[in-house]
Each structure stands twice: as C-alpha cells, then as structure tokens.
Amino acid sequence: MSSETKVRVRMAPSPTGPFHVGGARTALFNWLFARHYGGVFVLRIEDTDVLRSKPEYTQNIVDSLRWLGLDWDEGPEAGGLLGPYFQMQRLNTYREASDRLLASDKAYYCYCTHEELEAEREKARAAKVAYRYSRRCRHLTAEQRSELEAQGRKPVIRFAMPLDGTVGFRDMIRGDIAFANQELDDLVIVKSDGIPTYNFAVVVDDTTMEITHVIRGEDHIPNTPKQIHIFRALGYPLPQFGHLPMILGPDRSKLSKRHGAASITEYAELGYLPEALVNYLALLGWSYDDKQEIFTRAELIKLFSIERVGKTGAIFNIEKLDWLNGYYIRQLDLDDLTRRILPFLRQAELVGPEELTADQFGHVKSIVALIQERLKRLAEAPGLTDFFFKKELEYDPALLVSKALTPMEARATIMQARERIVATAVFDAPNLEHTMRELAEDLAMKTGQLFGSLRVAVTGRTIAPPLFQTMAVLGREQTLARVDRAISMLDKMIQKLSA
RNA sequence: GCCCCCAUCGUCUAGAGGCCUAGGACACCACCCUUUCAAGGUGGCGACAGGGAUUCGAAUUCCCUUGGGGGUACCA
C-alpha cells in the first residue's frame, strides 16, 4: 500500500431495511482495512430509493454499527468535510455531473416509457436473446426531443456506453476481471424525477469523497465495468476495487431474511455479544493462518489484510457463532457479564425495572456465576435462572422420585436431607456437599439419587446449575421452603396413590 | 437465455509444485472428569468435483466439463 495517499474507504448502505449480517461483514472489512492502514472510514447513506428508504432504517444502520463497535470517521452524526453523507442531500452535485456528461454527449435524454421498454424486453424474451435497451433515443435530434417533450414525456438520462472494446480492472481479491462493452447497457443514470440511480451516484460520491478503495460484496462485480466507464467519462481517477465473497444461507443462496435471523438488531436481541459476532464475521471470508481464530479487536486490526480474503462464498454457520459466543461469554468478567444479562432478566420480568442496590446486584451476580459456562446466548439466561427468582416452583412431583426409589423412600430421603440442612452450621456449598455426601453414605444411597431428588426440590427441574452452589445462593430459608413444598407435594402424591 | 465470479472434510478454512499419509476449528460420535447440565481433556469420523494438459513431481499451473453463486430495473 502506498503511504503517500491516505486510505479512505466507505460503507454505503441503503436504508431500505434493517442492517443485516452481509452489510455488517462488508462494514467490518472496510473498517478493518481503514484502521489497519490508519485511514478513514466513511459512512454514506444511499437513500435515492425514495419509495423504500425510511429514516428508521438509517437509525437502525447507525445503531447496529455502533453496537458492533465499528466507528466511522465521517458520515451521519460524525460530520466530515466531504459531505453531506446522505445522497438525497447531494442532488446538485449529481446534477452538475450529469450536465457535464450531457454536454459532452456521453449521456443523453431518453423518452421511452415504461410500456415501450417493457415491450422491448418482451420481444427479447420471445427471441431468447439478452435484453439490452435499443438505444433509440441515443441520437435524437433537437426537434424530435421537443416533440416528445410536447407529448408531456418526462425523460430519464441514460449513459452512452461505448459500443465495442472491453473494460477490465484488477480486483484486489480476484485479480483481473474483464467485460465486453457490448454486454453493457445504456443504463439510466438519472431517473425521470431527477434523482440519480445507484451506479451513477456511487461514482460521483466515491470520487468527491475521495474514496481510494471500494470494498464491497461480490454482487457488485457486474456493476463495476459500468461504473468504470462513468468514472472515465467524468474524467475521474479510478479507485481500487475489491469484491468480497458472498455470505450464504444454508441453501447456498445469498443470505437474506428468509434464512431466519439476518439483522444485526436481531442478533443483539438473541444475546450475541458484539465482540463474538465481529470475530465470527471476520472469519467469514478472511483467515489468518491455520492456528488462530479467536481474535481481539486490536489483533484483527493489526493482522487484517485484503490479501488474505478468500474468494469463495461462505455459509453463515450459526453453530460456530454459538460456540464463539459461548467462548466469549466464558471469558467475560462477572460484573460485565451480569450487567449485560440484566436487560434480559428485566425483559423476562425476573428482575424489576428499578435500579439495583449493590446487594441486589451482588445477588444477581452470584446467580450469573452459576450459568456463565452454560450460556451460549445471553437470552438463554432467564430460562436458566428463573427458578432463582420465583417464589413457587411449578414441576411434576414425580420428578422428585429418583430412579429405583418409591415415593415413600423419596419422601423419607428428602426429610432426612431437610434435617441435616437445618443442622448445618455454615450454609455454604462445601459444607452442604459434605453433609449431603455423608447422608447418602448413611442411607446407603447413590449420591446421584439423593442429589437428583434434592435438585428437583430446590430448582424444580432435573437440569440445573450445580446443586450445592445453587442452594447456597438461594439461602437456607428459601432452600428449606422449597424442600418443605417438595415434601408436601410428595404427600399429596402418596395419598393419591394409596386412594 | 446471456454475462461475470467461484470450486479442499457437513460447515468455516490452512495450503501460493515436492514440507500433504492434506493441517486446524465448529458440528457429530466415543471415552475421561463429574451430583444433572455445561465447561474441560483424549481419541474418532470426515475433503482436494470430474477429465485432460504441463512437469521428474501437482490440492497447488493451464484447458474443458460439471456443479454452485451473482448480475441482467427509472432497486441499491
């Protein structure tokens, strides 16, 4: 990379839907590229699709990028000298450029109606040939034009594509790519309402925003030759292009909403950590070597290079993300984890909306400690811990009866356990464990049988965090209340059986 | 249809002519640890799409076939 010119890259999403995983990966690679070279990362909102663009989607893009920790140096809410960073605020800039193209005959007014164009397309379909605009308006005389205008037709502006020759470019990721100009259409660059289309606006913006490297998805490869011609027609220098491999759904088609969760917001709500998602996304299309795949943000910035980006489409594999997320959760310190889990506990109404006292926070923290290594997603926390917060547990009393025990035996066992719990001097996990192991021995029971019954009594379920730590967190009073309730449930059960 | 891109385990990938009997990770299976579930440990299963060519020697280079993907808008 030449050091004279500062690297300037951009992310240019259109606010026509929630910010999704594919966009996030593109943003991440651009961001890493910029940060690696000490360059500038620009965020530009491509809102020229006035029908589908919505302010809330712009907000969603901003929120998602922030959540991921991908900060931009120029763009919405950041400002910058080369703005505005919303295309709809740059209409005069495009106008100036299209005027120049018109003046030099590199673009022309086209008066064809949708119906006329559709008829052309239909003809092409019938003849089984590739459709391309007939270019019937390319050489209209002034008279013809005023006549068409007199009919009230609102023209679009089309780009006059070279009719022969080839265009090529050296893709930073894929090497040389070439297209025959014959394949290229006289594309519309300004719509009849005066708003520029993507391929035109992007060229004007990338130039005026001094973008040096255009890093985007592979789906833009077919656009690149068109844009190169526009760059040239305008007398603009070309940026470098790099096309990232696609992110695919399990069916190997481009990842989209129909593959399930696709927006960054959804991943946040499911309880993925931004650092895990960033790490995972970095691995989709990029790799460092055959050893390391857990990277801190700083390592990614240091190690990232466009040369190590692959060309093959990558399936978004949620299982690996889950593993990574679990890994990151396990690495978090307890205070941090607890703070991150709290919103999920509140949403599940296990914890009230009010600010927690230090004691309360400490209590939640001791609960979180018991599930830290069992969590894959933060949203699982309420389901794993609800029994800590509930006063009355709902469960099938039959679960209290461990394998090879009768209800009567189970009841007697729990009664014994109750006595020893009461008698325990220090109510902590090591003591409880010691006491209960002793009890099992005294009763000549397998520890699993005793612990199993107790687990159900205390947690209402067969799968739970370690029993004695759970009891310790619950406290003697709560634990006894639950044991008592289990005994009475068993009583009812026994009554019913003998009746 | 036409154009373009791509092609190593189920998935993400390492591999830039001999280091490959193809390495790692996720997932899966087994075992160990263990009060359940996890976590952790050990081991296992598992791939160079096919065919030519170049070369003393190809996963690595070239060509063809096949397969997959993307594009083909007054969407971006």
Side-chain angles (χ1 to χ4, degrees), chain A residues 12-17 46-49 51-53 87 110 112-114 117 121 124-125 127-132 154-158 171 173-174 177-180 182-185 187-199 201-202 217-225 243 245-246 248 250 252-254 280 283-294 307-308 310-324 326-327 330 370-376 384 433 436-437 440 446-452 454-456 459 461-468:
Chain A
S14 66
T16 52
E46 308 216 327
D47 54 357
T48 54
D49 183 343
L51 285 179
R52 294 193 300 147
S53 293
Q87 291 187 323
C110 169
C112 295
T113 62
H114 286 100
L117 293 172
R121 258 186 281 266
R125 257 193 298 273
K128 293 199 167 202
V129 295
Y131 170 71
R132 222 160 289 129
K154 278 249 186 268
V156 298
I157 300 173
R158 283 185 186 270
D171 191 280
I173 294 163
R174 283 151 217 278
I177 299 177
F179 291 79
Q182 292 172 14
E183 305 293 338
L184 275 22
D185 214 342
L187 76 172
V188 172
I189 57 173
V190 179
K191 307 177 218 175
S192 53
D193 58 6
I195 296 172
T197 58
Y198 165 71
N199 282 115
V202 84
E218 186 188 343
D219 47 344
H220 283 290
I221 291 178
N223 289 324
T224 308
H243 290 93
M246 225 79 253
L248 281 14
R252 293 214 147 267
S253 71
K254 190 162 140 184
Y280 179 68
L283 260 20
L284 281 187
W286 173 85
S287 64
Y288 178 58
D289 60 12
D290 59 344
K291 302 182 176 58
Q292 189 179 357
E293 51 183 3
I294 307 265
E307 288 78 23
R308 292 203 60 85
K311 308 185 227 234
T312 337
I315 293 178
F316 189 85
N317 181 201
I318 197 86
E319 287 176 335
K320 185 142 183 178
L321 206 213
D322 281 343
W323 166 74
L324 252 181
Y327 176 84
R330 272 170 254 135
L370 300 186
I371 59 164
Q372 179 164 24
E373 69 183 25
R374 280 160 253 271
L375 267 186
K376 283 211 288 279
L384 254 26
E433 176 163 2
M436 289 303 133
R437 280 188 190 282
K446 288 203 171 119
T447 53
Q449 289 178 304
L450 172 60
F451 298 174
L454 267 180
R455 176 174 298 109
V456 173
T459 68
R461 53 181 75 181
T462 53
I463 295 172
L467 179 58
F468 306 109

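Within every chain, numbering begins at 1; the chains are lettered A, B, ... in the order of the sequence lines, protein sequences first and strands thereafter.
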Handout entry: Set of salt bridge (Lys or Arg N to Asp or Glu O under 4.0 Å) partners for K191(A), sequence neighbours left out
Key = none

Problem - Heavy-atom neighbours of Y288(A) OH exceed 12 at 6.0 Å - result: no

Practice task
Measure the distance from CG on L248(A) to C1' on U11(B) and round it to the nearest whole Å.
Solution key: 12 Å

Exercise for the section: Just jot down the salt bridge (Lys or Arg N to Asp or Glu O under 4.0 Å) partners of D49(A), sequence neighbours excluded, or say none. Expected result: R52(A)

Exercise for the section: Please state whether the phosphate of C74(B), meaning OP1 or OP2, lies under 4.0 angstrom from any side-chain nitrogen or oxygen of S192(A). Expected result: no

Handout entry: OP1 or OP2 of C75(B) under 4.0 Å from side-chain N/O of T16(A)
Key = no

Fill in the blank from the handout: Taking A14(B), A73(B), C75(B) as options, the one with an atom nearest any side-chain atom of D49(A) is C75(B)

Problem - Selection from C12(B), G71(B), C37(B) that lies nearest to any side-chain heavy atom of K254(A) - result: G71(B)

Problem - Length of the OH-P vector between Y131(A) and U72(B), whole Å - result: 14 Å

Problem - salt bridge (Lys or Arg N to Asp or Glu O under 4.0 Å) partners of R308(A), counting only residues at least two apart - result: none

Practice task
Name all residues meeting the salt bridge (Lys or Arg N to Asp or Glu O under 4.0 Å) criterion together with R437(A); count only those two or more places apart in sequence or in a different chain, and write none if there are none.
Solution key: E433(A)

Practice task
Answer yes or no: does a side-chain N or O of K191(A) lie under 4.0 Å from OP1 or OP2 of A76(B)?
Solution key: yes

Practice task
Could you check whether the rings of H220(A) and Y198(A) sit parallel, tilted or perpendicular, using 30° and 60° as the cut-offs?
Solution key: tilted

Practice task
State which of C12(B), G71(B), U36(B) makes the closest approach to the side chain of R252(A).
Solution key: C12(B)

Problem - Side chain R374(A), main chain L370(A), donor-acceptor under 3.5 Å - result: yes

Completion exercise
Scanning all shown strands, the Watson-Crick or wobble mate of A39(B) with both distances under 3.5 Å is none

Problem - Nucleotide opposite A58(B) in a Watson-Crick or G-U pair, distances under 3.5 Å - result: none

Handout entry: Residue R121(A), side-chain atoms from C-beta onward, closest of A14(B), G70(B), C74(B)
Key = C74(B)

Practice task
Could you check which of U11(B), A76(B), C74(B) has an atom nearest any side-chain atom of S14(A)?
Solution key: A76(B)

Handout entry: Protein proximity profile, nucleotides 20-32 of chain B - base contact B, sugar-phosphate-only contact S, no contact -, cut-off 4.0 Å on heavy atoms
Key = ---BSBSS-----

Handout entry: Integer angstrom distance from the P of A7(B) to that of U11(B)
Key = 14 Å

Handout entry: Footprint string (nucleotides 2-7 of chain B, 5' to 3'): B base within contact, S backbone only, - free, heavy atoms under 4.0 Å
Key = SSSBSS

Fill in the blank from the handout: Partner of C26(B) under the Watson-Crick or G-U wobble criteria, both distances under 3.5 Å, comes out as G10(B)

